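Working notes, beginning with the structure itself.
Basis for what follows: all heavy atoms, side chains included, without hydrogens, waters or symmetry-related copies. What you are looking at is a predicted structure, and each value in this text was computed from that prediction instead of being measured.
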Amino acid sequence: MKPITLALSKGRIFEDSLPLLQAANIEVLEDPETSRKLILPTSRADVRVVLVRASDVPTYVQYGGADLGVTGLDTLIEHGNQGLYQPLDLNISRCRISVATRADFDYAAAVRQGSRLKVATKYVAIAREFFAAKGVHVDLIKLYGSMELAPLTGLADAIVDLVSTGNTLKANHLVEVERIMDISARLVVNQAALKLNQAPIRAIIDAFARAVVKA
Ligand code: PRP
């Protein structure tokens, strides 16, 4: 029988997921930081982990390349929720999504005066919805990383990006001018896989649920 496949991304999501995996008796047998493998065996013969780009986790789970996955709410919103069962807020990898500008940019005045803002971001769906709800006109510029550079080079007036400690903004002389939403990692499950393989997948969901540390 095909093993249950769990999609994770390297880095913070992987690290923060380890206590949850442990609660489901799943120990990943190789370190993704040193191994070049993309399919990692676990201590359970019936469970394997696949390592994918963070933004690809919902895609793998939606189309059945993985049965379950752990993904940030930011990624989930950008992907769209279609077809994904989302049973749990795992309350890990917490951060926020915010608007940031150069310290010398008068964001409040620009918003008040109804100026057209140039906003650079990887999170275009979140940014579009946020500014539309405020009635602010924006030109969205899609970037794939290093958003902080955009206001510094004149590419944009503002960015919409993840903020955790705030150190990246500070190091680049940017200020957080508005918080859009709190972010945490979510468990996503392929609905067909859950129907076909109900008992073991449900057991993993339940073990994760018991191990979630409440806010
Ligand atoms: C995120 C985000 C910021 C940084 C914020 O990047 O894009 O650059 O973290 O963290 P801080 O407030 O603690 O400084 P990440 O490292 O996730 O990589 P990314 O650029 O690929 O999004």
Side-chain heavy-atom pair N197, D67 within 4.5 angstrom cut-off: no
Step by step, would you call L6 with L21 a side chain to side chain contact (heavy atoms under 4.5 Å, CB included)? CA-CA 10 Å; L6 171 68; L21 296 179; 3.3 Å; yes
Start with the C-alpha distance between R102 and L174, add both sets of side-chain angles, then the distance that settles side chain to side chain contact (heavy atoms under 4.5 Å, CB included), and finish with yes or no. CA-CA 5 Å; R102 281 165 54 142; L174 299 179; 4.0 Å; yes
Determine, step by step, whether L84 and L76 satisfy the side chain to side chain contact (heavy atoms under 4.5 Å, CB included) criterion, reporting the C-alpha distance in whole Å, the side-chain angles of both residues, the deciding distance to 0.1 Å, and the verdict. CA-CA 9 Å; L84 289 170; L76 202 48; 3.8 Å; yes
Would you say T75 and V57 make side-chain contact, with heavy atoms under 4.5 Å? no
Going by heavy atoms in the side chains, are Y123 and I77 under 4.5 Å from each other? no
R179 and S98: CA distance, side-chain angles, deciding distance, side-chain hydrogen bond (donor to acceptor under 3.5 Å, both in side chains) verdict: CA-CA 4 Å; R179 181 189 280 234; S98 292; 5.3 Å; no
Given the rule in the side chain to side chain contact (heavy atoms under 4.5 Å, CB included) test, do F130 and V160 qualify, once you have shown the distances and angles that lead to the verdict? CA-CA 10 Å; F130 175 72; V160 166; 5.8 Å; no
Between E30 (side chain only) and P41 (backbone N and O only), is there a donor and an acceptor less than 3.5 Å apart? no
Residues D182, R96: salt bridge by 4.0 Å N-O rule: no
Side chains of S184 and R94: is there a donor and an acceptor less than 3.5 Å apart? no
Please examine the side chains of C95 and I183, heavy atoms only from C-beta on, and report whether any two atoms are closer than 4.5 Å. yes
OG1/T71 to CD/Q86 distance, rounded to the nearest 0.5 angstrom? 9.5 Å
Can you find a pair of side-chain heavy atoms, one from L68 and one from L187, that are under 4.5 Å apart? yes
Ignoring hydrogens and geometry, is there a side-chain-to-backbone donor-acceptor pair from D16 to S93 under 3.5 Å? yes
Any sub-3.5 Å donor-acceptor pair from T153's side-chain atoms to A150's backbone N or O? yes
Close side-chain approach of I126 and L73, heavy atoms under 4.5 Å: no
Are any side-chain N or O atoms of R128 and backbone N or O atoms of L140, one a donor and one an acceptor, separated by less than 3.5 Å? no
